[in-house]
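Notes follow the structure.
Reminder, nothing fancy here: chain letters follow the sequence lines and each chain counts from 1.
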Protein chains: 2
Amino acid sequence: MPKQTFFNLPEQKRNMLLKAAEMEFTRVPFFEASIANIVKTAAISRGSFYQYFEDKDDLYFYLLEDKLKMAKTYFSVLLEKHQGDLIEALIELQNFFLLALSDEEEKQFLKNALLYTTHRVESSFASIWDTYLEQEEFKKVGKLIDQDLLNIHAEKELLHIFKIVSAIAFNNLIEKTAKGLSDEEAIESFKLSMSLLKHGIYNSEVQDK
Amino acid sequence: MPKQTFFNLPEQKRNMLLKAAEMEFTRVPFFEASIANIVKTAAISRGSFYQYFEDKDDLYFYLLEDKLKMAKTYFSVLLEKHQGDLIEALIELQNFFLLALSDEEEKQFLKNALLYTTHRVESSFASIWDTYLEQEEFKKVGKLIDQDLLNIHAEKELLHIFKIVSAIAFNNLIEKTAKGLSDEEAIESFKLSMSLLKHGIYNSEVQDK
DNA sequence: TTGACATATGACACAGTGTCATATATTATT
DNA sequence: AATAATATATGACACTGTGTCATATGTCAA
């Protein structure tokens with residue numbers, strides 16, 4: 001988390017800095033991004049930077065989480081829209097990410113995030129559903145999913161389903177980015193994954209051994 | 001890929017260098033690892049290093065792929081053992097990785113790989129099944145799975161299943177490492193994921209809309 | 001006006017990377 | 001055996017980057 005000093009800053013200066021950071025992290029992936037560049041663009045001194053942030057991580061994840069906030073709230077909307085159908089909502093959320101990847105700037109930023117960062121980035125993405133697993137909203141949505149559509153017996157399993165789909169979704173984004181798939185190919189791929197997940201990959205005729 | 005010069009090296013020297021690299025990448029994650037440390041331990045000059053390798057990446061992924069080779073061949077054995085039952089084989093393969101995570105040295109190396117690296121690392125892990133998708137062996141194994149147990153209609157879907165399970169498996173390793181789960185908890189979690197995947201997460205009573 | 005506190009600054013010590021001119025082996029050719 | 005041609009080795013060096021710190025400058029309350 002940025003230090004208090006950062007939040008005390010006049011809004012304009014704060015935005016200037018964030019904008020500069022965004023530019024730098026769009027230009028190159030995290031590990032190549034240089035603080036020197038950021039402070040230069042933002043027209044602040046190097047020393048000041050360290051008054052605001054612990055280090056590069058601190059700034060980066062603040063920025064990333066901020067960008068993902070929108071996705072979080074959007075997912076709520078989608079779940080409502082699809083009457084609690086998890087998979088349908090997810091497919092549309094994935095579409096949203098793919099769309100974001102169409103704006104050239106956002107595209108590059110996300111690409112840098114997806115390809116060159118790590119467990120922490122993945123966690124940030126996964127945290128989109130964190131809210132559901134803790135909050136009131138979860139009960140509402142959870143119940144809706146639970147009773148109507150899903151093949152689950154305990155809350156633990158629902159949590160697992162979230163884990164599985166987020167792993168697949170994240171993977172799908174990486175695949176698209178790494179292999180340069182088109183939006184259509186990527187969403188096709190995601191839909192197929194979701195369909196397999198929906199009905200299971202084992203033939204139901206053959207039962208468990 | 002390391003340069004030819006590296007492969008021309010006397011075996012002892014080559015191993016010395018690999019050993020030194022392994023030590024460094026066990027000590028700290030990739031981005032903190034320093035070439036200076038490696039050449040010091042290996043008792044070669046800095047210049048020599050760049051005769052052998054393009055850069056740090058080059059060495060690192062050579063080392064990582066090498067370590068994963070074992071897993072690749074092991075997976076063949078497991079598939080045979082479980083008569084082509086993909087999921088059962090996978091569960092045992094996951095066990096193998098978890099076991100590797102018990103040797104303190106290997107544990108730290110893998111931890112550094114899982115937490116601090118990226119798409120390329122994930123690709124390396126996923127490449128465990130690459131062989132199956134290209135080679136002769138695939139046909140053997142593929143057919144076995146295809147006809148007996150899985151609910152798939154085209155080869156494309158089998159490829160997808162590999163993608164899905166590898167995403168989940170990789171995720172499971174990261175989860176274990178990041179949250180410090182015990183081997184038992186991790187494998188329990190993986191089994192649950194696999195079970196959900198097997199039978200699908202949607203209730204079969206309610207059919208597709 | 002003063003003092004206390006918050007913020008700003010850039011020079012600096014340190015650590016790391018990749019390169020290059022030069023030195024030293026090794027191997028091939030006469 | 002002498003020489004040429006080729007491959008390998010070396011570490012100093014130019015460069016880029018980080019995080020810190022002593023010092024300067026603002027701000028606000030008493």
Side-chain angles (χ1 to χ4, degrees), chain A residues 1-64 112-113 116-118 120, chain B residues 1-64 112-113 116-118 120:
Chain A
M1 258 292 153
K3 299 178 186 171
Q4 188 52 46
T5 317
F6 176 68
F7 296 107
N8 294 342
L9 246 37
E11 200 180 331
Q12 205 211 346
K13 194 166 182 181
R14 213 170 52 233
N15 287 336
M16 186 93 186
L17 186 44
L18 289 177
K19 194 80 203 151
E22 199 174 333
M23 270 179 64
E24 180 67 358
F25 291 123
T26 297
R27 189 180 68 83
V28 285
F30 179 79
F31 286 103
E32 283 168 46
S34 103
I35 291 171
N37 267 332
I38 296 172
V39 299
K40 196 173 158 193
T41 309
I44 62 169
S45 72
R46 182 171 194 78
S48 286
F49 181 90
Y50 287 95
Q51 300 261 15
Y52 307 147
F53 304 99
E54 224 48 74
D55 49 25
K56 213 171 35 164
D57 276 58
D58 196 18
L59 166 58
Y60 184 71
F61 285 97
Y62 176 69
L63 202 61
L64 183 64
N112 286 337
Y116 287 91
T117 336
T118 63
R120 276 194 71 186
Chain B
M1 256 296 155
K3 299 177 186 171
Q4 188 52 46
T5 317
F6 176 68
F7 296 108
N8 293 343
L9 245 38
E11 200 180 334
Q12 204 210 348
K13 195 169 182 180
R14 214 169 52 232
N15 287 335
M16 187 93 185
L17 185 44
L18 290 177
K19 195 79 203 151
E22 198 175 336
M23 268 180 66
E24 181 66 359
F25 292 123
T26 298
R27 189 180 68 84
V28 286
F30 178 79
F31 286 103
E32 284 168 48
S34 103
I35 292 171
N37 266 331
I38 296 172
V39 300
K40 198 172 156 194
T41 310
I44 61 167
S45 73
R46 183 170 192 80
S48 286
F49 180 90
Y50 287 95
Q51 301 261 17
Y52 307 147
F53 304 99
E54 222 49 73
D55 49 25
K56 212 171 37 163
D57 276 60
D58 196 19
L59 166 58
Y60 185 70
F61 286 97
Y62 175 70
L63 202 61
L64 183 65
N112 286 336
Y116 288 92
T117 336
T118 64
R120 276 194 70 187

Result for ring-ring contact (aromatic ring centres under 6.0 Å, His included) between B:Tyr60 and one of B:Tyr116, B:Phe31, B:Phe25 points to B:Phe25
Looking only at atom types and distance, does a side-chain atom of [X] sit under 3.5 Å from a main-chain N or O of [Y], one as donor and one as acceptor?
| X | Y | answer |
| --- | --- | --- |
| A:Asn112 | A:Thr26 | yes |
| A:Ser48 | A:Ile44 | no |
| A:Lys13 | A:Ala42 | no |
| A:Lys56 | A:Phe30 | yes |

Please test B:Glu22 against B:Leu63 for side-chain contact (heavy atoms from CB on, under 4.5 Å), starting from the C-alpha separation and ending with a verdict.
CA-CA 8 Å; B:Glu22 198 175 336; B:Leu63 202 61; 4.3 Å; yes
Residues from residues 19-26 of chain B sitting under 4.0 Å of DNA chain C, heavy atoms only?
none
In degrees, rounded to 10°, what is the bend between the two ends of the helix from C:dT1-D:dA30 to C:dT30-D:dA1, using five pairs at each?
10°
Enumerate the protein-to-nucleotides 26-29 of chain D contacts in which both atoms are nitrogen or oxygen and the separation is below 3.5 Å.
none

Tell me, with the steps shown, if B:Phe6 and B:Tyr62 meet side-chain contact (heavy atoms from CB on, under 4.5 Å).
CA-CA 12 Å; B:Phe6 176 68; B:Tyr62 175 70; 3.9 Å; yes
Are there over 12 heavy-atom neighbours, none belonging to B:Gln4, within less than 6.0 Å of that residue's CD?
yes
With a 4.0 Å cut-off, would you call A:Arg14 and A:Glu11 a salt bridge?
no
Would you mind reading off the distance between A:Phe30 atom CZ and D:dG17 atom P, rounded to a whole angstrom?
14 Å
Going by salt bridge (Lys or Arg N to Asp or Glu O under 4.0 Å), name the residues that satisfy it together with B:Asp57, two or more places apart in sequence or in a different chain.
B:Arg120
Hey, could you give me the CG/CD distance between B:Asn8 and B:Gln51, rounded to the nearest 0.5 Å?
11.5 Å
All pairs passing salt bridge (Lys or Arg N to Asp or Glu O under 4.0 Å) where residues 31-40 of chain B contributes a residue, at least two apart
none
Protein within reach of the bases, or only the backbone? For nucleotides 7-19 of chain C, mark each nucleotide 5' to 3' as B, S or -, using heavy atoms under 4.0 Å.
SBBB-----SBBB
